[in-house]
Colleague: 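Got a structure for you, questions after.
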Amino acid sequence: MERIEHRACFGGSQDVYRHESSALGCAMNFAVYLPPQAERGPCPVLYWLSGLTCTEQNFITKAGAQQFAAEHGVILVAPDTSPRGEGVPDAEGYDLGQGAGFYVDATALPWARHYRMYDYVSRELPELIEANFPATSARGISGHSMGGHGALVIALRNPGRYRSVSAFSPIVAPSQVPWGEKALGAYLGPDREAWKQYDATELVKSATEKLPILIDQGEADEFLESQLQPWRLREAAEAAGHPLVLRMQPGYDHSYYFIASFIGEHIAHHAAALRV
């Protein structure tokens with residue numbers, strides 16, 4: 001593991017590391033913000049999953065999250081969104097291949113060797129963080145768009161592993177919208193039953209842990225009707241008795257201006273659960 005960026009930030013440090021991932025079979029970058037409290041002892045960790053086309057840089061440079069992480073004493077970890085590098089398969093367009101890992105473990109060729117972002121985020125990365133940084137085993141998970149999908153799926157599929165979950169503009173029903181149909185069809189093959197294991201709207205129906213979900217969604221989001229459709233998850237959660245707060249925010253779009261406007265409230269939401 002090599003530190004490739006280091007900057008002082010709100011009394012702590014914003015770093016970026018590169019390591020060889022066994023899950024993905026390539027070198028991966030991830031960002032770590034250590035709040036000032038980490039100098040005195042271990043802190044809980046909030047994992048952030050970014051959306052299509054993003055790297056670890058988008059969140060750490062645009063969201064303004066470090067100020068709130070420093071206030072609450074929370075470590076922020078933001079991985080890249082897919083495997084990358086020579087020999088890693090890619091595709092034309094922004095919504096498949098490098099930059100579009102969709103937080104699944106691919107089973108179809110040519111993706112199966114490298115595209116195992118679910119395993120990377122849910123297993124390998126937390127093991128790495130907790131072994132090498134002043135981190136407790138208290139974890140929260142959040143994300144945006146494709147990353148919001150990933151956060152919801154990983155939390156729902158791993159009861160007891162996370163104490164909190166939230167999302168901005170998540171793809172809540174990928175098996176029913178174009179982005180998800182393209183990605184899941186490529187990575188998992190044509191069997192739509194296999195897609196359900198990565199669909200939050202399907203998973204919430206039988207979730208054994210009722211971990212409260214917080215979602216913020218902009219009403220002016222250009223992808224709201226075609227790709228996101230948060231009401232699908234709300235209806236499924238209501239039917240299953242799963243606690244969910246969906247906040248529709250007038251005037252906000254899909255951008256990091258939206259995320260920056262509410263990231264402080266999300267970090268406070270996670271910090272309250274992580275302190276328990």
Colleague: Is the count of non-hydrogen atoms from other residues, nucleotides or ligands lying under 6.0 Å from Tyr94 atom OH greater than 12?
Modeller: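 Correct, the count exceeds 12.
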Colleague: What closest approach, in Å, do Gly143 and Ala151 show between heavy atoms, and which atom pair accounts for it?
Modeller: N-CB, 4.0 Å
Colleague: Assess whether a salt bridge exists between Glu235 and Lys205, defined as any Lys/Arg side-chain N lying under 4.0 Å from an Asp/Glu carboxylate O.
Modeller: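 Looking at Lys205 together with Glu235, the answer is no, because their closest N to O distance does not fall below 4.0 Å.
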Colleague: Would you indicate whether the side-chain heavy atoms of Thr81 and Phe102 approach each other to under 4.5 Å?
Modeller: no
Colleague: Ignoring hydrogens and geometry, is there a side-chain-to-backbone donor-acceptor pair from Arg161 to Ser122 under 3.5 Å?
Modeller: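 Answer holds: yes.
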Colleague: Where do Glu209 and Asn158 come nearest, in terms of heavy atoms and distance?
Modeller: OE1-O, 4.4 Å
Colleague: So, Asn132 side chain and Ile129 main chain: donor-acceptor pair closer than 3.5 Å or not?
Modeller: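 Not confirmed, Asn132 side chain does not pair with Ile129 backbone.
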Colleague: State yes or no: are the ring centers of Tyr187 and Tyr115 separated by less than 6.0 Å?
Modeller: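 Under 6.0 Å, so yes.
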Colleague: What is the minimum heavy-atom distance between Pro89 and Pro110, and which atoms define it?
Modeller: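 Looking at all heavy atoms of both residues, the closest pair is CG-O, 3.2 Å.
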Colleague: With a 6.0 Å cut-off on ring centres, are His19 and Phe30 close enough?
Modeller: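 When the ring centroids of His19 and Phe30 are compared, they turn out to be within the sub-6.0 Å range.
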Colleague: Shortest non-hydrogen contact from Gly251 to Glu219?
Modeller: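 Answer, listing the atom of Gly251 first, then Glu219: N-CB, 4.5 Å.
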Colleague: Less than 6.0 Å separating the ring centroids of Phe133 and Tyr17?
Modeller: yes
Colleague: For the pair Arg139 and Glu130, find out whether any cationic side-chain nitrogen is under 4.0 Å from an anionic carboxylate oxygen.
Modeller: yes
Colleague: Is it true that the side chains of Arg247 and Gln217 contain a donor and an acceptor less than 3.5 Å apart?
Modeller: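 There is no such pair between these side chains.
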Colleague: Describe, in one word, how the ring planes of His266 and His270 are oriented to each other, choosing from parallel (under 30°), tilted (30 to 60°) and perpendicular (over 60°).
Modeller: tilted
Colleague: State whether the number of non-hydrogen atoms from other residues, nucleotides or ligands found under 6.0 Å of Glu39 atom CD is greater than 12.
Modeller: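 No, the 6.0 Å shell around CD holds no more than 12 heavy atoms from other groups.
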Colleague: Where the side chain of Lys62 meets the backbone of Ser255, is there a donor-acceptor pair that is under 3.5 Å apart?
Modeller: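 No.
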Colleague: Does the side chain of Pro174 come within less than 4.5 Å of Glu181's, by heavy atoms?
Modeller: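 No, side chains not in contact.
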Colleague: Specify the closest pair of heavy atoms between Trp195 and Gly189, including all atoms of both residues, with the distance to one decimal.
Modeller: NE1-O, 2.8 Å
Colleague: Atom CG in Leu49, atom CG in Leu152: separation rounded to 0.5 Å?
Modeller: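 Atom-to-atom, Leu49:CG and Leu152:CG are 9.5 Å apart.
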Colleague: Is Glu124 reaching over with its side chain to a backbone N or O of Ser22, donor-acceptor style, under 3.5 angstrom?
Modeller: yes
Colleague: Rounded to the nearest 0.5 Å, how far apart are CE of Met117 and CD1 of Ile154?
Modeller: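 Taking CE in Met117 and CD1 in Ile154, the distance rounds to 8.0 Å.
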Colleague: Is there side-chain contact between Leu274 and Ser164, with at least one heavy-atom pair below 4.5 Å?
Modeller: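 Sidechains of Ser164 and Leu274: in contact.
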Colleague: Between Trp179 and Phe223, is the ring centroid distance below 6.0 Å?
Modeller: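 Distance test on ring centres: under 6.0 Å, yes.
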Colleague: Does the side chain of Glu265 reach to within under 4.5 Å of the side chain of His269, using non-hydrogen atoms?
Modeller: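 Side chain of Glu265 against side chain of His269, heavy atoms only: no contact under 4.5 Å found.
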Colleague: According to a hydrophobic-cluster definition based on side-chain heavy atoms being under 4.5 Å apart (Ile, Leu, Val, Met, Phe, Trp, Tyr only), do Met248 and Ile171 belong together?
Modeller: yes
Colleague: Is the gap between the ring centers of Phe258 and His144 under 6.0 Å?
Modeller: no
Colleague: Less than 4.0 angstrom from a charged side-chain N to a carboxylate O is my criterion; do Glu5 and Arg7 meet it?
Modeller: yes
Colleague: Is there a path from Phe168 to Leu214 through hydrophobic residues (I, L, V, M, F, W, Y) whose side chains come within less than 4.5 Å of each other?
Modeller: no
Colleague: If you draw a 6.0 Å radius around CD in Glu127, do more than 12 non-hydrogen atoms from other residues or ligands fall strictly inside?
Modeller: yes
Colleague: Within the 3.5 Å criterion, strictly below it, is a donor on Ser145 or Ser169 matched to an acceptor on the partner's side chain?
Modeller: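 On atom types as modelled, these side chains do not qualify, holding no pair under 3.5 Å.
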Colleague: To the nearest 0.5 Å, what is the distance between CG (Leu156) and OG1 (Thr201)?
Modeller: 9.5 Å
Colleague: Please lay out, stage by stage, how Phe10 and Phe68 fare under the test side-chain contact (heavy atoms from CB on, under 4.5 Å).
Modeller: CA-CA 9 Å; Phe10 289 101; Phe68 304 104; over 6 Å; no
Colleague: Can a donor-acceptor pair be found between the side chains of Gln229 and Arg232 at a distance below 3.5 Å?
Modeller: yes
Colleague: Count I, L, V, M, F, W, Y as connected when their side-chain heavy atoms are under 4.5 Å apart, and connections chain through other members. Are Ile75 and Met28 then in the same cluster?
Modeller: yes
Colleague: Hydrophobic clusters here meaning ILVMFWY residues chained together by side-chain heavy-atom distances under 4.5 Å, can you tell me if Met1 and Leu34 are in one?
Modeller: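 Yes, Met1 and Leu34 fall within the same hydrophobic cluster.
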Colleague: I want to check something: taking the side chain as every heavy atom from C-beta on, are Pro79 and Glu56 in contact at a cut-off of under 4.5 Å?
Modeller: no
Colleague: Rounded to the nearest 0.5 Å, what separates atom CG in Leu76 from atom CG in Leu46?
Modeller: 5.5 Å
Colleague: Taking the ring of Tyr198 and the ring of His149, is the distance between their centroids below 6.0 Å?
Modeller: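 Between Tyr198 and His149, which both carry aromatic rings, the centre distance is not below 6.0 Å.
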Colleague: Apply side-chain contact (heavy atoms from CB on, under 4.5 Å) to Gln14 and Tyr33, showing your working.
Modeller: CA-CA 4 Å; Gln14 179 62 69; Tyr33 176 70; 3.4 Å; yes
Colleague: Any link between Leu224 and Tyr256 through a network of hydrophobic side chains (Ile, Leu, Val, Met, Phe, Trp, Tyr) touching at under 4.5 Å?
Modeller: no
Colleague: Should Ile60 and Val16 be marked as a side-chain contact (heavy atoms from CB on, under 4.5 Å) after you check the CA-CA gap, both sets of side-chain angles, and the distance that decides it?
Modeller: CA-CA 10 Å; Ile60 65 175; Val16 177; 4.0 Å; yes
Colleague: Rounded to the nearest 0.5 Å, how far does CG of Leu184 lie from CD of Gln197?
Modeller: 9.5 Å
Colleague: Centroid-to-centroid, Tyr252 to Phe262, below 6.0 Å?
Modeller: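 They qualify: ring centres under 6.0 Å apart.
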Colleague: For Ala65 versus Ile263, what's the shortest heavy-atom pair and its separation?
Modeller: CB-CG1, 3.9 Å
Colleague: Say whether Ser175 and Asp199, considering side chains only, have a donor N or O and an acceptor N or O under 3.5 Å apart.
Modeller: yes
Colleague: Heavy-atom distance under 4.5 Å between the side chains of Ile213 and Val245, does that happen here?
Modeller: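 Not in contact.
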Colleague: Nearest 0.5 Å, what's the CH2-OG distance between Trp111 and Ser82?
Modeller: 9.5 Å
Colleague: Any side-chain heavy atom of Pro35 sitting closer than 4.5 Å to one from Cys43?
Modeller: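 With C-beta onward as the side chain, the pair touches.
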Colleague: Would you find a donor on one side and an acceptor on the other, under 3.5 Å apart, between the side chain of Asp15 and the backbone of Val32?
Modeller: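 Checked: no pair found.
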Colleague: Going by heavy atoms in the side chains, are Leu228 and Pro170 under 4.5 Å from each other?
Modeller: no
Colleague: Evaluate side-chain contact (heavy atoms from CB on, under 4.5 Å) for Ile141 paired with Trp48, printing each intermediate quantity in order.
Modeller: CA-CA 6 Å; Ile141 191 164; Trp48 173 269; over 6 Å; no
